[in-house]
Protein chains: 2
Amino acid sequence: MTAASPEPASSPSQPLGRSERKRRDMLAAAERMFLAGGYLGTNMDELAAASGVSKQTVYKHFGSKEALFVELVTTMTDATSEAVHRSVPSVEQVDDVGAYLEEYADRQLDAVMTPRILQLRRLVIGEVARFPELAEALHERGPVRAIESLSTVLTRLDQRGLLTVDDARLAATQFNWLVMGEPLNRAMLLGDRAIPSAAERREHVRRSVGAFLPAYAVR
Amino acid sequence: MTAASPEPASSPSQPLGRSERKRRDMLAAAERMFLAGGYLGTNMDELAAASGVSKQTVYKHFGSKEALFVELVTTMTDATSEAVHRSVPSVEQVDDVGAYLEEYADRQLDAVMTPRILQLRRLVIGEVARFPELAEALHERGPVRAIESLSTVLTRLDQRGLLTVDDARLAATQFNWLVMGEPLNRAMLLGDRAIPSAAERREHVRRSVGAFLPAYAVR
DNA sequence: ATTCAACGGAACTAGACAGTCCAGTTTGAT
DNA sequence: ATCAAACTGGACTGTCTAGTTCCGTTGAAT
């Protein structure tokens, strides 16, 4: 490493080196273009031009179109997973289980139902045959992680006597698809115009929790 | 029309004209190749060769790559929708609601969770930006139709006093995603290896109905 | 001020691909 | 047998694209 004081830090990172700045620009253009045109539909000449960078520089940084695509999708998947995970509200001072689950579901929906993330999902699904490892990563960092996280929440609610949950993973999976199934499917197939408004989200979440609770209420 | 006795009928259709035979071969090759390679990843020279047909013939029949793609996907969507719709068991002599719903769900899963239909879904989702009308059609003929169909079933079960269903469409939507959500998402992202076996399907369906019934049981 | 890695710009390779064209052949109905 | 429609095979056009190469320029650290 070049052993300098102004290390390319993570968060604020205002003073970026030329190389890092261009790298960021290339990834930004790659995101826009791959999400809009798909893998085959994206052109490296245009991508370089849109990045304000020469083609040479793109290949110096990423090696190939495939490698750039993989890095972009992996980065987006990881970042989104982190953001979703951070938005889990604490379960310890809960008294109204219904209200808590509604807020929980609303945050999950809010994080996932954005044009950017929905298009990432479409892109990855469409490229399952060409890039199976990206789809696997999205599955792991998306639904699997969300269900695991909810699973520990439900276990805690069971321990506190607020729910009766024998199989927490099963209950979490059911809750997840009760909440996400319809909005996600609609958005996948109908495009961004099917993204529910905040009001629609709240109503949907209310009904979903209403269907979930009878199966797991305390006897 | 050519006013002949051996009209190109629908079902048995053994004696096919040369033209119709070649058309069938082209659509068969198109299905294989578009499902495997996607829209941009499929090549019309190879498609003609794989169909045992000259390129000229392909363009004579379908006009363009886009038109061939649209016709193929539309045909597959419609045919699958019909097949799923035909597999709805009658509701009239039902006494055990749980067993009936389990069978209903199992048939829906059986119809949708095939490599061919799953790959069609991946393809259409990946091409939403280029062919939004195909995605809309798949949504309409797939989930919307399934939920409508189930909705009338649930209404009938409510009328017969076997369930308490105020909002049949809501209940049908919830049932649908309780059943389809997890298997469909896994299959989309993990590929055909995630298709559940008949035994896994039955177990999953049993649990799904178990979660659904408490919310809509008769009081 | 110097130095060197990174960058720009642009041409270039090597191949791919949608769609057209044309001369000659096959098919199937009359 | 006749004949029109459908089909073949292959060449061809125009265009596009991933990746490379070359050479002159820039910028950041010493």
Side-chain angles (χ1 to χ4, degrees), chain A residues 1-9 13-30 33-34 36-73 127 130-131, chain B residues 1-9 13-30 32-34 36-72 127 130-131:
Chain A
M1 319 304 176
T2 42
S5 347
E7 279 180 337
S13 62
Q14 188 69 337
L16 232 44
R18 179 174 62 158
S19 215
E20 286 76 20
R21 207 165 45 237
K22 294 201 175 290
R23 187 184 184 83
R24 183 175 45 70
D25 294 345
M26 288 185 273
L27 283 170
M33 298 182 67
F34 278 128
Y39 178 71
L40 291 178
T42 293
N43 163 317
M44 296 298 277
D45 283 280
E46 284 177 28
L47 192 147
S51 310
V53 139
S54 79
K55 236 174 130 184
Q56 182 76 279
T57 301
V58 178
Y59 279 90
K60 189 84 179 178
H61 274 258
F62 299 103
S64 71
K65 185 182 184 180
E66 276 201 29
L68 170 57
F69 183 73
V70 168
E71 172 151 345
L72 172 74
V73 172
E127 296 294 347
R130 217 181 313 266
F131 299 97
Chain B
M1 316 311 169
T2 42
S5 346
E7 277 181 337
S13 60
Q14 187 70 339
L16 233 46
R18 178 174 63 159
S19 218
E20 287 76 17
R21 209 165 44 237
K22 294 203 176 287
R23 188 185 185 82
R24 184 175 44 72
D25 293 346
M26 287 185 273
L27 283 171
R32 217 172 348 101
M33 298 182 67
F34 278 127
Y39 178 70
L40 291 179
T42 293
N43 165 316
M44 296 297 277
D45 285 282
E46 282 177 29
L47 193 148
S51 310
V53 139
S54 79
K55 227 172 139 186
Q56 185 73 272
T57 301
V58 178
Y59 280 90
K60 188 84 178 180
H61 275 259
F62 300 102
S64 70
K65 185 182 183 179
E66 275 200 30
L68 170 56
F69 184 72
V70 168
E71 171 150 346
L72 173 74
E127 296 294 345
R130 218 182 314 264
F131 300 97

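Letters A, B, ... are given to chains in the order of the sequence lines, protein chains preceding strands, and every chain is numbered from 1. Note that the structure is predicted; figures quoted are calculated from it, not measured. Both backbone and side-chain heavy atoms feed into the values below; hydrogens, waters and symmetry mates do not.
For A:Thr57 and C:dG8, the shortest distance from a side-chain N or O to OP1 or OP2 is below 4.0 Å. Put simply, B:Ser19 has no side-chain N or O that comes within less than 4.0 Å of OP1 or OP2 on D:dA5. A close approach under 4.0 Å does occur between a side-chain nitrogen or oxygen of A:His61 and OP1 or OP2 of C:dC7.
Rounded to 10°, the angle separating the first-five-pair axis and the last-five-pair axis of the helix from C:dA1-D:dT30 to C:dT30-D:dA1 equals 30°.
Taking each heavy atom of B:Lys22 and B:Val53 in turn, the nearest pair found is CD-CG2, 3.7 Å. Here the closest heavy-atom approach between residue A:Arg130 and residue A:Leu40 is recorded as NH2-CD1, 3.4 Å. Considering all non-hydrogen atoms of both residues, A:Leu27 and A:Leu72 come closest at O-CD1, 3.7 Å.
What separates NZ of A:Lys60 from P of D:dC22 is a distance of 14 Å, to the nearest Å. Put simply, CZ on A:Arg24 is 19 Å from P on C:dA6, counting in whole angstrom units. The nearest whole Å value for the distance from the CZ atom in A:Phe69 to the P atom in D:dA18 is 13 Å. Across the protein-nucleic acid pair, A:Glu20 atom CD and C:dA5 atom P stand 16 Å apart, rounded to whole Å. Here the P atom of nucleotide D:dA6 and the CE atom of B:Met26 are 12 Å apart, to the nearest Å.
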Under 4.0 Å protein heavy-atom contact, by nucleotide of nucleotides 14-27 of chain C - B base, S sugar-phosphate only: ---SBB-BB---BS

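Shown here are the ring-ring contact (aromatic ring centres under 6.0 Å, His included) partners of B:Phe62, two or more places apart in sequence or in another chain: there are none. Annotation: ring-ring contact (aromatic ring centres under 6.0 Å, His included) contacts of A:Tyr59 (sequence neighbours excluded): none.
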Where do A:Thr57 and A:Met26 land on the side chain to side chain contact (heavy atoms under 4.5 Å, CB included) test, with the steps shown first? CA-CA 9 Å; A:Thr57 301; A:Met26 288 185 273; 3.9 Å; yes

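Separation of atoms CE (B:Met33) and CG (B:Asn43) is listed at 6.0 Å; rounding is to 0.5 Å.
Evaluation of the side-chain hydrogen bond (donor to acceptor under 3.5 Å, both in side chains) test over residues 63-72 of chain B, restricted to residues two or more places apart or in two chains, returns B:Arg23-B:Glu71.
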Exercise answer: donor-acceptor pairs, residues 44-52 of chain A side-chain atoms, under 3.5 Å, sequence neighbours excluded:
unit_1	atom_1	unit_2	atom_2	d
A:Asp45	OD1	A:Lys55	NZ	3.4
A:Asp45	OD2	A:Lys55	NZ	3.4
A:Ser51	OG	A:Leu47	O	2.6

